[in-house]
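Worksheet for the structure shown next.
In each ligand, atom 1 is the first atom listed, and ligand 1 is the first ligand listed.
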Amino acid sequence: MNPAANHHPHIKTALPGPKAQAMIARDAEVISPSYPRGYPFVMSHGRGTEVWDVDGNRFLDFAAGIAVCATGHCHPRVVKAVQDASSRFLHISSDFWHEDMVGLGERLAAIAPMDEPAMSFLCQSGTEAVEGALKLARYVTRRPRFIGFLGGFHGRTLGSLSFTSSKYTQQLGFATTLSGVTHVPYPNPYRPLFAGDDQGAAVLDYIRMLFQRSVPPSEVAAFLIEPMQGEGGYLTPPDGFLAGLRALCDEHGILLIFDEVQSGIGRTGKMFACEHWGVQPDILTSAKGLGSGLPIGAVIAKRSIMSQWKRGAHGNTYGGNPIACAAANATIDLVRDGLRDNAARVGAHFITRLRELQRDFPCIGEVRGKGLWIGMELVEDDANKTPATSLCDAVITRAFHNGLLLLACGTSTVRFMPPLNVSTDEIDEAMAIIRASLEQALAGG
Ligand SMILES: Cc1ncc(COP(=O)(O)O)c(C=O)c1O
């Protein structure tokens, strides 16, 4: 029996319903208009992959708070960990020590995709983790330059924003950002920029050319790269590319920073995406799924690197917050003990189902991904692959009206990032909505 069937019908009011409309009107008066909101979902509560709006409509959440709710909404073990921690103390500051913070450092060292021992710096968000990683790389190399990748998203504070390039609106109006950052293409076999079959090798050649002509490698502190690119389109790099980048780093004494804020903590069916290629970074950033929704970020680095930071070189007030750490500890345990494998298994089922759908819809140019990190790129025409941006927006809007929360990425990619404990029944329920939403969007509905 399909347990989700008990919850039909899903959508009981026109959307947004009356309570949602009232909330959105109040919000418009007092909350910044800068948030890039798409459709009017007003949350009431959630359990697992299901969420309800304030008017009592039920949705499947395949956006998971932008890939944050790794353990689903309100996982009982995470809620209990948060309740227990909050009954002890809410805050003490990173100037002092406590069990949940040390325990998180130990867990992160245990899961770090590094052969040597690792240390962590704790903060509240992805962008702060990236800032910390950049500062650490500069501090230990004393080199001024960095290389980032077009389409990358690393956050919106001024340092991380210097690398963020998935949409120009993120940079518009904020010039100038950090100097010394050079962007190079991210290899994309579906939309090749270079001649030849191996886009990864071509990008590496391009970087070598830069090193000869304009960017002295001896001045480069680090590469900052998402081992699987998120906001830029849910891209998977060609085999061999990350290993080639690692070799280039080793040749020139450049540090390799993997930004796994979105791809880490089991999302791709491995604890960290870089494990799919067996390539190790010097520094890794984590956030999003790490806290199951509690605000937390981490810079994880080889101990030989992070131990070079002198006392006072970097710090914050809230790093190691006990409640966020307790949520992260419960999350890591759940992901390590089952959810990562569920993501791999259920994700494989989901990709198979989407590829079946692709046969019926020529507008689905590519289905790509690993685990529960899946992109479905929509195109106008399969021959020239013109991005179908309006169709993508229409599919996402239709899906909302049909009871499925989705987000876009890249120029015309629907991304699927449900909680890691989503069931195959829920995937199948979502598939029916995705098919219907595609049909309606193509019919102009
Ligand atoms: C890869 C990556 N890095 C960094 C960030 C920034 O994280 P935050 O929004 O928590 O600052 C994001 C957010 O989407 C991200 O996807």
Side-chain angles (χ1 to χ4, degrees), residues 32 34-38 63-70 113 121-137 146 148-167 169-171 174 177-178 181 183 186 222-237 242 256-268 270-274 281 283-300 316 318-319 321 324 327-328 331 369-375 406-410 413 415-417:
S32 165
S34 63
Y35 292 109
R37 290 159 160 179
I66 327 184
V68 166
C69 305
F121 175 90
L122 301 174
C123 53
Q124 289 72 244
S125 64
T127 196
E128 288 166 277
V130 170
E131 297 288 338
L134 297 172
K135 285 182 70 180
L136 179 60
F146 290 99
F149 289 79
L150 286 171
F153 187 95
H154 302 282
R156 293 175 183 267
T157 49
L158 281 170
S160 67
L161 180 66
S162 316
F163 294 80
T164 287
S165 57
S166 58
K167 290 189 182 67
T169 44
Q170 296 142 352
Q171 295 256 356
F174 300 111
T177 49
L178 204 62
V181 177
H183 285 90
Y186 192 95
F223 285 91
L224 173 63
I225 186 168
E226 295 161 90
M228 291 175 76
Q229 195 177 75
E231 304 294 317
Y234 266 33
L235 303 180
T236 304
L242 294 176
L256 184 56
I257 306 173
F258 281 163
D259 182 349
E260 295 241 20
V261 163
Q262 189 158 168
S263 58
I265 313 297
R267 166 90 8 225
T268 69
K270 302 268 188 198
M271 192 56 86
F272 292 104
C274 63
I283 305 173
L284 181 143
T285 55
S286 181
K288 287 194 184 280
L290 177 60
S292 284
L294 272 284
I296 187 162
V299 185
I300 308 168
N316 54 21
Y318 295 109
N321 171 269
T331 301
K370 292 182 186 294
L372 290 168
W373 164 288
I374 304 170
L406 298 173
L407 290 174
C409 61
T413 297
R415 63 177 148 160
F416 304 103
M417 43 186 171

So, do F146 and F163 have ring centers that fall under 6.0 Å from each other?
yes
Which protein non-hydrogen atom lies closest to atom 13 (C) of ligand 1, naming both residue and atom, and how far is it?
K288 CE, 3.3 Å
Is there a protein heavy atom at a distance of less than 4.0 Å from atom 3 (N) of ligand 1?
yes
Atoms in ligand 1 with a heavy atom of Q262 nearer than 4.0 Å:
14 (O), 16 (O)
Heavy-atom count check: over 12 atoms from other residues, nucleotides or ligands less than 6.0 Å from L150 CG?
yes
Take L407 and M417 through the side-chain contact (heavy atoms from CB on, under 4.5 Å) test and state the conclusion after the steps.
CA-CA 9 Å; L407 290 174; M417 43 186 171; 3.6 Å; yes
For ligand 1, note which part of E226 has a heavy atom under 4.0 Å away: side chain, backbone, both or neither.
side chain
Starting from atom 11 (O) of ligand 1, locate the nearest protein heavy atom and write down its residue, its atom name and how far away it is, to 0.1 Å.
T127 N, 2.8 Å
Checking heavy-atom distances from atom 15 (C) of ligand 1 to each of F258, F163, F153, the winner is F153
Please round to the nearest 0.5 Å and tell me the distance separating atom CG of L372 and atom CZ of F416.
11.5 Å
Below 4.0 Å from ligand 1: does a non-hydrogen atom of E128 turn up there or not?
no
Against heavy atoms of S125, which atoms of ligand 1 measure under 4.0 Å?
10 (O), 11 (O)
Taking only heavy atoms of D259 into account, list the atoms of ligand 1 that are under 4.0 Å away from them.
1 (C), 2 (C), 3 (N), 4 (C)
Select one of side chain, backbone, both or neither to describe which atoms of E260 lie under 4.0 Å from any atom of ligand 1, heavy atoms only.
neither
Taking only non-hydrogen atoms of E231 and a 4.0 Å limit, the atoms of ligand 1 in range are 14 (O)
Roughly how far, to the nearest 0.5 Å, is OG1 of T236 from CE of M228?
3.5 Å
Tell me: protein heavy atom nearest atom 10 (O) of ligand 1, and distance?
G126 N, 2.8 Å
With rounding to the nearest 0.5 angstrom, report the CD1 to NE2 distance, I225 to H154.
8.0 Å
When you look at E260 and T268, which way does the side-chain contact (heavy atoms from CB on, under 4.5 Å) test go after all the steps?
CA-CA 11 Å; E260 295 241 20; T268 69; over 6 Å; no
The single option from V130, T157, L224, L178 that satisfies side chain to side chain contact (heavy atoms under 4.5 Å, CB included) with S162 is L178
